[in-house]
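Encoded as structure tokens, the structure appears first; notes follow it.
We name chains A, B, ... by the order of the sequence lines, and we start the count at 1 in each one. Only heavy atoms go into these numbers, but all of them, side chains included; no hydrogens, no water, no symmetry mates.
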Amino acid sequence: MDVPAIEAQGLCKSYKSFRRPRSVVLKDISLKIEPGEIFGLLGPNGSGKTTLISIFSTLIYPDRGRLKVLGLDSRKSRDAIRKVINISTAKPNFPWSLTVRENLRHYAMLYGMYGPELSRAVADVMDAFALEEYRDVTFEDLSTGLKQRLALAKAMLNRPKLLFLDEPTTGLDPEMANKTRQLVRSIHEDGISVVLSTHYMPEAEVLCDRIAFLRKGVVVALDTPQNLKGHLRLGERVVIVYEGPADLSRLKEDPGIMSVKSEPGRAEFVVDKSSESLDRIVKQFSKARIKDIAVKEPDLEDVFLELAR
Amino acid sequence: MSWRGELNKYLASAYKNWLIAKRNVFTLFELFFWPMISLLSIGLLTRFLQVGPDMVSFLLVGAIALTILQVAQIDVAYVLLFDMWSKSIKNTFIAPVESYHLVFGALVFGIVRGSFVFAILAVVSRYLFGFDFLAGGPLMVAIFLSGVFAVAAVIGMTVCISILTFGQKADVAAWSLSGLILLVSGIYYPVDVLPYALQVVAKAIPLTYFLEYYRSAYIPGSYNLALGATLAAAYLILGLILLQISIERARRTGILLRLSE
Ligand SMILES: Nc1ncnc2c1ncn2[C@@H]1O[C@H](COP(=O)(O)OP(=O)(O)OP(=O)(O)O)[C@@H](O)[C@H]1O
Ligand SMILES: [Mg+2]
């Protein structure tokens, strides 16, 4: 089974509304997602991530272009595709007054499960996402983190081969976000292909095998996180504010340091990994008085500034 | 897929509607309060007007038909409305289900609720007004109720189609359809009292024929049940086709995503 999870060619999508003019949201998207891959869609608000995921998952249809999902033609085999994919939407929402277990049973029924198979599928996902304890809590009484977990559990009910996660960690506190990332990784270890969207760069970096940057409906870059950072010379940013003399010439030759910018009393370095080069940087300031050191992860701003050049 | 799996795709919507109804106190209003108000007000009106037993039966049959129609149609519309209100439409439409699974599943629960209301009203009207809703025998009641449920399904589908086509607020327009039916299909007066143009409309509404059929148990008169049944079947099929088209259209225009925002 080595068919690509997604093969998209020239996908275009525009929305029209009564009052406003037709707005073009996706322009000529072509990409291929390998089986078993975690593929990240990264982009700022309104760049078209949700639209693209919705098209990939056959929720909505493109205006133009060809799409194959798990080798199946998205026009001819919609029903077959829907059986083997699932989605966890951004801002998970389910019927409010149904409990965790009832919600899961309801969606399992929509997938045509019945009898012991249905009960087992529901029990399995409640177990996998630690929801057993909340099985009788209605959706409206769940915390945001639990709602997200229910959304993931629902998305695994039909044991999909391809899973879409639209901003799976948005709105979660750092700890819950981390737990969710672990869950996504464990889903992936079962061999399931995952397409996830995020506007949080470090998340894409730790989770994804490859990342596509979306900007205004166009894929402006597509590669592994390492290559992207390499090509774009994106790394962590170390900023040192100091007084006194410092010799920065040696650092300009350092292979771990991608760029050096300096002005009197302030130096800025872009480094591959701060943990490896920080020591060498700081040593050059031994004769100066360091007033402040800041280490900053590259964020989307940096990426887009870089891509816009 | 096995037949039980297929059956469960239908029953999923009935299950959801049942759970939501169970936890909502206003369900009691839908099942008891409004049906009772309608039965009592019409029943008392007949006393006030001192009409004969023929008129009493005519009006009470109209009242009960309208009440059951309203209970059942809302269940069919709920299949989309609940998803829209809870913003979970995407979760339904990502699943391998078709419009007919959703509509007929919800209708199953609508039939259960409608039959329940019928039973209550039958008992109450017997004691309060000495009127027997079962006079025509169980078969006649079953045929009459089937007609009412078919019309309810068509109205419920029309609500869904309007929402999918014109957006969230369009359900109001669709509800007025049951107002039109109240006006023209001979709920509280015979169709012949209508102006000619409206009589033509009445002839196109299947409920008209099912009312005439059911009333014939109390007041001898002619009826054309076959035409009513044919019309009902035609509207059901047309409704399903249009619903399917409007879902596909909502997927093309993106309204489907808008409905879950
Ligand atoms: N159903 C719709 N109808 C009309 N316009 C839409 C619809 N959905 C999205 N848009 C518009 O299309 C653009 C892209 O939206 P989309 O939701 O795909 O972006 P996104 O990358 O997911 O953004 P976010 O980070 O905010 O979730 C936005 O300008 C949005 O306003
Ligand atoms: Mg989005």
For atom [atom1] of [X], is the number of surrounding heavy atoms from other residues, nucleotides or ligands below 6.0 Å larger than 12?
X	atom1	answer
B:Lys22	NZ	yes
A:Lys179	NZ	no
A:Tyr15	OH	yes
B:Trp85	CH2	yes

## Note on the structure
Per-residue tally against chain A (heavy atom, under 4.5 Å) across B:Val97, B:Ile20, B:Ile94 peaks at B:Ile94
#### Entry: When B:Gly254, B:Ala95, B:Pro96, B:Ser88 are compared by non-hydrogen pairs under 4.5 Å with chain A, the top option
B:Pro96
Using non-hydrogen atoms only, which part of [X] is less than 4.5 Å away from chain B: side chain, backbone, both, or neither?
X	value
A:Ser97	both
A:Lys91	neither
A:Tyr107	side chain
A:Lys154	side chain
A:Thr58	backbone
A:Leu118	side chain
A:Thr99	both

Sort [X] into side chain, backbone, both or neither according to what part of it lies under 4.5 angstrom from a heavy atom of chain A.
X	answer
B:Thr92	both
B:Leu102	side chain
B:Arg23	side chain
B:Phe82	neither
B:Glu98	side chain

### Task
Output, in order, the C-alpha distance, side-chain angles, deciding distance and verdict of side-chain contact (heavy atoms from CB on, under 4.5 Å) for B:Lys90 and A:Thr50.
CA-CA 12 Å; B:Lys90 287 184 188 180; A:Thr50 299; 3.8 Å; yes
Enter the distance from [X]:[atom1] to [Y]:[atom2] here, rounded to the nearest 0.5 Å.
X	Y	atom1	atom2	result
B:Leu256	A:Ile60	CG	CD1	8.5 Å
B:Arg251	A:Tyr61	CZ	OH	4.5 Å
A:Arg82	B:Phe93	CZ	CZ	9.5 Å
B:Leu11	A:His106	CG	NE2	11.0 Å
B:Arg4	A:Met113	CZ	CE	14.0 Å
A:Tyr111	B:Asn8	OH	CG	14.5 Å

## Note on the structure
Counting heavy-atom pairs under 4.5 angstrom with chain B, the leader among A:Leu98, A:Asn103, A:Asn158, A:Asn86 is A:Leu98
### Query
Between A:Asp63, A:Ile55, A:Leu110, which residue shows the highest count of heavy-atom pairs closer than 4.5 Å to chain B?
A:Leu110
May I have the list of side-chain donor-acceptor pairs in residues 136-146 of chain A shorter than 3.5 Å, sequence neighbours left out?
from, atom 1, to, atom 2, distance (Å)
A:Thr138, OG1, A:Asp141, OD2, 3.1
A:Ser143, OG, A:Leu146, N, 3.3

### Message
Between A:Lys13 (side chain only) and B:Arg252 (backbone N and O only), is there a donor and an acceptor less than 3.5 Å apart?
### Response
yes
